[in-house]
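Chain letters run A, B, ... following the sequence lines, proteins first, then strands; residues in each count from 1.
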Amino acid sequence: MRTIEFNCPIIDHESINGQTVVLTLEAPAIAQIAYPGQFVNLTSNQFLRRPIGIMNADPARGSIQLGIRIAGEGTRFLAKRKKGDILSLLGPLGRGFNLEGARRVITVGGGTGVFPLYFVQKVCQARDLEGIAVCGYRSLGDSFLTDQYKALTCQTLFASEEGDDMDFSGHAVAALDDLLAKLPLVPETRILTCGPEKMMASVAALADEYGISCQVSLEERMACGIGVCLVCACKIKRGDEQGAEYQRCCTEGPVFNAEVVEWQI
Amino acid sequence: MRTIEFNCPIIDHESINGQTVVLTLEAPAIAQIAYPGQFVNLTSNQFLRRPIGIMNADPARGSIQLGIRIAGEGTRFLAKRKKGDILSLLGPLGRGFNLEGARRVITVGGGTGVFPLYFVQKVCQARDLEGIAVCGYRSLGDSFLTDQYKALTCQTLFASEEGDDMDFSGHAVAALDDLLAKLPLVPETRILTCGPEKMMASVAALADEYGISCQVSLEERMACGIGVCLVCACKIKRGDEQGAEYQRCCTEGPVFNAEVVEWQI
Amino acid sequence: MADLTVCVGNIPFANPVIAASGTFGFGREMRNFQNLGRIGGICSKGLTLLPRDGNPAPRVAETASGMLNSVGLQNPGFTSFLANELPFMIDLGCRIIVNIAGNDPEEYLEMCRRLDATSVDAIELNLSCPNVKEGCMLIGSNPEMIEKLVAAARQVTKKPLWAKLTPNVTSIADMARAAESGGADAVVLINTLLGIAIDRKLRRPILRNNIGGLSGPAIKPIALRMVAETYRAVSIPIVGVGGIMSGNDVLEFMIAGATAVEVGTANLIKPTACQDIIDEIRAIMELDGVSEVGQYTGTLELWNG
Amino acid sequence: MADLTVCVGNIPFANPVIAASGTFGFGREMRNFQNLGRIGGICSKGLTLLPRDGNPAPRVAETASGMLNSVGLQNPGFTSFLANELPFMIDLGCRIIVNIAGNDPEEYLEMCRRLDATSVDAIELNLSCPNVKEGCMLIGSNPEMIEKLVAAARQVTKKPLWAKLTPNVTSIADMARAAESGGADAVVLINTLLGIAIDRKLRRPILRNNIGGLSGPAIKPIALRMVAETYRAVSIPIVGVGGIMSGNDVLEFMIAGATAVEVGTANLIKPTACQDIIDEIRAIMELDGVSEVGQYTGTLELWNG
Ligand SMILES: Cc1cc2nc3c(=O)[nH]c(=O)nc-3n(C[C@H](O)[C@H](O)[C@H](O)COP(=O)(O)OP(=O)(O)OC[C@H]3O[C@@H](n4cnc5c(N)ncnc54)[C@H](O)[C@@H]3O)c2cc1C
Ligand SMILES: Cc1cc2nc3c(=O)[nH]c(=O)nc-3n(C[C@H](O)[C@H](O)[C@H](O)COP(=O)(O)OP(=O)(O)OC[C@H]3O[C@@H](n4cnc5c(N)ncnc54)[C@H](O)[C@@H]3O)c2cc1C
Ligand SMILES: Cc1cc2nc3c(=O)[nH]c(=O)nc-3n(C[C@H](O)[C@H](O)[C@H](O)COP(=O)(O)O)c2cc1C
Ligand SMILES: Cc1cc2nc3c(=O)[nH]c(=O)nc-3n(C[C@H](O)[C@H](O)[C@H](O)COP(=O)(O)O)c2cc1C
Ligand code: FES
Ligand code: FES
């Protein structure tokens with residue numbers, strides 16, 4: 001894999017709500033090789049780059065999509081860019097989700113975690129795997145990508161924490177619990193999760209209970225995104241079971257097998 | 001006089017050449033009170049504001065014009081702004097040219113100094129004073145505002161240092177010398193000059209020779225532009241003839257009577 | 001309604017925002033931009049016993065998120081200040097702090113003595129100006145000299161004494177402790193960091209004085225660290241300065257240990273900075289559900305391990 | 001054709017641009033972005049005798065035109081480095097400098113001894129890491145300890161010894177003089193400035209280590225001033241570091257007195273930074289009509305008066 005810096009024009013800008021946008025960027029080289037769970041590191045008007053998960057890659061069209069929620073100045077700047085504006089991207093970066101040998105893939109997304117998991121479901125559809133998606137939102141008004149998820153997956157479960165008119169009233173973890181209780185188990189099932197750390201830890205615990213293998217996409221403050229500065233330390237259990245060591249979220253991660261993660265919460 | 005901060009939309013953007021633009025800004029409050037020789041202090045993408053002389057003010061339309069030459073990052077940013085973009089301006093700032101009692105006004109501009117002096121000639125026309133303009137450019141290709149100056153003044157003399165097809169081949173100071181030698185003297189003549197310090201010092205010396213009162217517009221690195229930080233020190237002879245003191249370019253200046261200036265070159 | 005009042009030692013301030021020395025003149029110009037009666041206080045431009053011309057221009061160089069200045073304490077001199085500026089300042093309706101810089105200890109003391117008879121609210125001993133060759137920073141980087149000077153000043157005036165410290169030292173906490181031992185009522189930190197800017201083409205410093213003092217957001221992380229460090233070293237109040245641009249910045253300084261703050265360079269970028277910052281503080285307190293701004297002071301909880 | 005070669009002491013470099021310790025790993029990742037054979041040199045991540053886990057995350061906080069880091073010298077340990085990383089680095093085709101940080105003087109000496117037998121081009125004694133509790137910065141802010149350590153290292157290795165100094169001191173020139181007296185072949189300045197960033201809502205430092213080291217353009221004016229100051233104090237070469245983002249920045253450091261430079265944070269923003277900077281230097285030399293880059297070094301003409 002070879003990642004380099006690209007200056008990519010924005011070819012489409014879709015505003016989902018005041019706080020969230022989906023940008024489509026012309027980035028053929030990235031689109032060609034990116035796989036779900038990887039991210040790009042973007043310049044904004046701030047000093048450091050900003051890591052954003054790849055939500056979709058279209059090798060034919062040569063484009064990628066990013067779902068961005070405004071969290072501060074950098075994402076605000078990114079969300080305000082217009083069609084034709086050019087962004088500097090490094091990517092694709094990191095190790096994404098491993099779908100080898102999977103037959104059924106359950107994605108559990110919370111908040112902006114819903115974005116990168118969309119790419120997972122797209123690949124599942126392409127590979128003819130059984131895709132099931134649990135997407136957790138704060139509220140119906142806060143939800144996004146629901147039609148797109150429905151179009152891709154075999155089953156969807158949209159959860160709203162505020163309990164307004166969605167499939168499930170409550171947290172994504174509770175929705176997953178509900179789902180797993182009802183779902184006849186099949187072998188080679190994988191649970192892939194992305195969202196707040198607390199949610200992912202609960203999803204991992206639940207997966208463990210059900211004996212399902214689980215991968216989590218960790219978030220850590222980054223600088224370089226390419227493995228040279230060591231600031232993005234994730235605490236990962238050593239293979240030899242002798243405690244834990246720091247691995248780089250941007251390089252060994254952001255996706256890790258749930259069982260090696262030493263949760264910080 | 002009361003100056004405050006204004007957020008002003010760009011209502012027109014005229015590119016003069018790759019290095020120079022004229023911006024027209026909607027700034028009614030500034031247009032109302034500004035007079036020639038004053039300046040505004042503008043935000044860009046750089047840390048400090050940038051001082052730019054007011055090239056024109058149209059109280060009726062509520063607009064002002066600024067002529068900007070790209071000199072570095074800040075002016076590059078400003079020159080690249082588009083119609084509709086909004087700039088934060090402080091202004092009008094400083095003491096401008098004094099036209100009280102003048103009958104004939106000779107402006108001598110060099111480079112970007114040609115811009116703010118345009119405002120002088122506009123006022124001369126409005127007040128029915130005899131306006132004569134000497135404008136010095138590097139070359140014909142580098143010249144600007146020539147038609148506008150012609151339309152305003154009784155006499156114009158465009159000088160090109162490279163000697164290509166303009167009124168006068170050589171430096172603006174030589175052009176002025178030439179002009180003064182030929183021109184029948186009238187009382188209440190004023191020479192007002194703006195441009196490189198060396199040019200202004202020579203103009204001042206020439207004015208002194210001819211016994212004509214002269215005002216110069218000094219340029220100094222600024223921060224606040226409003227008189228509080230004292231970084232914009234100009235060396236000005238004391239009234240009591242006892243040496244010189246530092247006065248604020250942004251507040252006591254930028255325009256000073258030539259005879260009080262202690263030239264730094 | 002949020003309560004923004006704070007006390008630095010015994011002096012109450014309407015809010016914790018004080019205009020920093022050298023960035024607000026004597027308040028004359030800033031009157032055009034904001035109601036100065038509403039800000040916490042104004043610290044005068046640094047004064048010397050005799051009038052000072054200051055350094056030749058250029059006196060400013062822009063840097064990344066900051067600026068260097070080498071004004072060199074241009075001021076009309078202490079006597080002229082007392083006659084022409086102080087009465088005007090006193091009438092502004094906010095706290096007035098007078099920043100003084102001596103060529104030698106005796107000059108500091110002379111000014112302190114004469115300020116004792118005025119109605120200024122506090123005296124800021126500038127032990128940290130990097131732009132003059134004499135006194136100031138030399139004293140400010142030597143704990144014994146700091147203690148001696150503050151103690152001597154303590155003898156000649158009843159006014160609250162604030163010691164303004166330089167960050168160009170190995171341990172700012174040592175300097176603050178020395179000021180405290182000498183009897184200072186508060187320490188003010190930080191003044192500017194020594195820096196240089198170079199014009200590659202001319203192979204010359206941009207500043208005619210060669211070096212200057214770095215201020216602005218670039219230095220905020222350093223200033224904030226020094227406040228946090230000093231908060232653990234002294235028990236007198238700290239006035240935090242360095243790179244404050246917003247209400248949030250002010251509260252960060254207070255959390256780190258500041259009782260009040262000074263806003264400097266921000267005034268040069270935005271003449272309404274002090275007033276805007278006060279409004280922002282009020283809005284954030286609402287958000288945070290904090291009723292008294294003093295409740296932020298010193299609440300930084302360090303991570304342990 | 002512009003001649004970019006420089007000599008730091010006796011070692012020739014293809015150009016004055018060296019990747020700074022901690023911002024380039026051991027070169028493995030950066031190979032994907034540029035031809036490392038074309039840059040002047042690479043300085044390894046700081047090494048300790050035993051492997052170090054480093055500090056818990058978050059280890060980075062963004063600041064105005066800069067960043068704070070608190071990595072805390074995470075590294076595989078000196079033995080593993082010699083076996084697994086050094087051979088790879090040596091093969092890259094540029095100068096290799098090894099940055100070492102001891103918990104105590106003996107650890108420095110042990111690593112120096114073992115590096116003596118390798119083909120590294122120079123040893124950088126890290127006397128300035130702000131992110132570990134032991135050794136390092138403690139030694140680096142004490143002239144006697146600097147001199148003693150450098151002198152002791154001088155006894156155990158023939159390799160060029162570069163002393164990397166901390167800016168968190170009253171006089172960097174004193175530290176550089178001490179390194180020179182101890183027999184250092186060059187001084188490298190500056191490492192990061194101590195800073196803190198605070199999360200107002202949590203009332204906690206953003207960095208889990210509480211404090212960190214400030215780097216990036218924000219500190220450039222300070223670094224440049226320290227280089228200019230030190231150039232007048234020592235006669236060994238100076239390697240300038242701090243906030244370099246462009247070829248113009250490099251030449252400013254050289255004009256101030258640097259023989260070569262290190263580029264740190266810029267690599268994190270732009271993985272081709274070193275290569276781009278070298279290209280920019282070449283273009284500027286053309287513009288300036290300078291044929292040998294060494295002709296910039298120490299040409300700063302101070303204003304007098
Ligand atoms: C691997 C990865 C993938 C991500 N994918 C997405 C995505 O698809 N969509 C999306 O909206 N967001 C995503 N994020 C989060 C996004 O990077 C942050 O929201 C963003 O960096 C915040 O920047 P800001 O300037 O708006 O906020 P500020 O709070 O001003 O940022 C200040 C600093 O903190 C860092 N920071 C702040 N929040 C986070 C965070 N949650 N994670 C990491 N660093 C943070 C910033 O990078 C910056 O250095 C992802 C983060 C990581 C690490
Ligand atoms: C009173 C006044 C009126 C001016 N009027 C005009 C005008 O009408 N049109 C025009 O094109 N230019 C004018 N200038 C010059 C203009 O301000 C500078 O060209 C501009 O500040 C350069 O900024 P920069 O970021 O492009 O360049 P940089 O070189 O990157 O600027 C770096 C720093 O140096 C300062 N600086 C650089 N050059 C000058 C300069 N010549 N004078 C003052 N400060 C400088 C900048 O303000 C900034 O702080 C005027 C300057 C003054 C003081
Ligand atoms: C132009 C200028 C002039 C200054 N003059 C003085 C002064 O006279 N006395 C003083 O104690 N500090 C002076 N300072 C320092 C400021 O008061 C303040 O300590 C410093 O700038 C850091 O704060 P800031 O980053 O908010 O500007 C000056 C700063 C600037 C920018
Ligand atoms: C993430 C990071 C890690 C660093 N690690 C080291 C280190 O291990 N040893 C060292 O001597 N300096 C280390 N430094 C300091 C840099 O080498 C350099 O001295 C400093 O960052 C200033 O230069 P810059 O502004 O170009 O980054 C590190 C800096 C950063 C940003
Ligand atoms: S962000 Fe630099 S190593 Fe991960
Ligand atoms: S620029 Fe601040 S006083 Fe003139």
Over all heavy atoms of both residues, which pair between C/Ala266 and C/Val263 is shortest? Give the atoms and the distance, please. CB-CG1, 3.7 Å
When heavy-atom pairs shorter than 4.5 Å are enumerated against chain B, which of C/Gly66, C/Pro58, C/Ala64, C/Pro51 gives the highest number? C/Gly66
Can you tell if the side chain of B/Arg221 reaches within under 4.5 Å of the side chain of B/Val231, non-hydrogen atoms only? no
Quick one: list whatever passes side-chain contact (heavy atoms from CB on, under 4.5 Å) with B/Pro116, sequence neighbours left out. B/Cys194
Distance-only side-chain donor-acceptor flag, C/Ser70 / C/Asn209, under 3.5 Å: no
Tell me whether the centres of the aromatic rings in B/Phe119 and B/Phe97 are closer together than 6.0 Å. no
Structural part of B/Gln46 lying under 4.5 Å from a heavy atom of chain C: both
Quick check for you: among C/Gln74, C/Glu62, C/Glu29, which has the greatest number of heavy-atom pairs under 4.5 Å with chain B? C/Glu62
Max heavy-atom pairs within cutoff under 4.5 Å with chain B, candidates C/Gly27, C/Ser65, C/Ala61, C/Gly25, goes to C/Ser65
Return the set of residues passing side-chain contact (heavy atoms from CB on, under 4.5 Å) with C/Val188 (not counting sequence neighbours), or none when no residue passes. C/Glu124, C/Trp162, C/Lys164, C/Val239, C/Val241, C/Glu262
Exercise: do C/Thr23 and C/Asn267 side chains pair donor with acceptor under 3.5 Å: yes
Residue part contacting chain B, namely of C/Thr265, when any heavy atom lies under 4.5 Å: side chain
If contact means a heavy atom pair closer than 4.5 Å, which residues of residues 244-260 of chain B contact chain C? B/Ala244, B/Tyr246, B/Arg248
Looking at residues at least two apart in the chain, or sitting in another chain, which of them share a side-chain contact (heavy atoms from CB on, under 4.5 Å) with C/Arg200? D/Asn248, D/Leu251, D/Ile255, D/Ile284, D/Leu287, D/Asp288
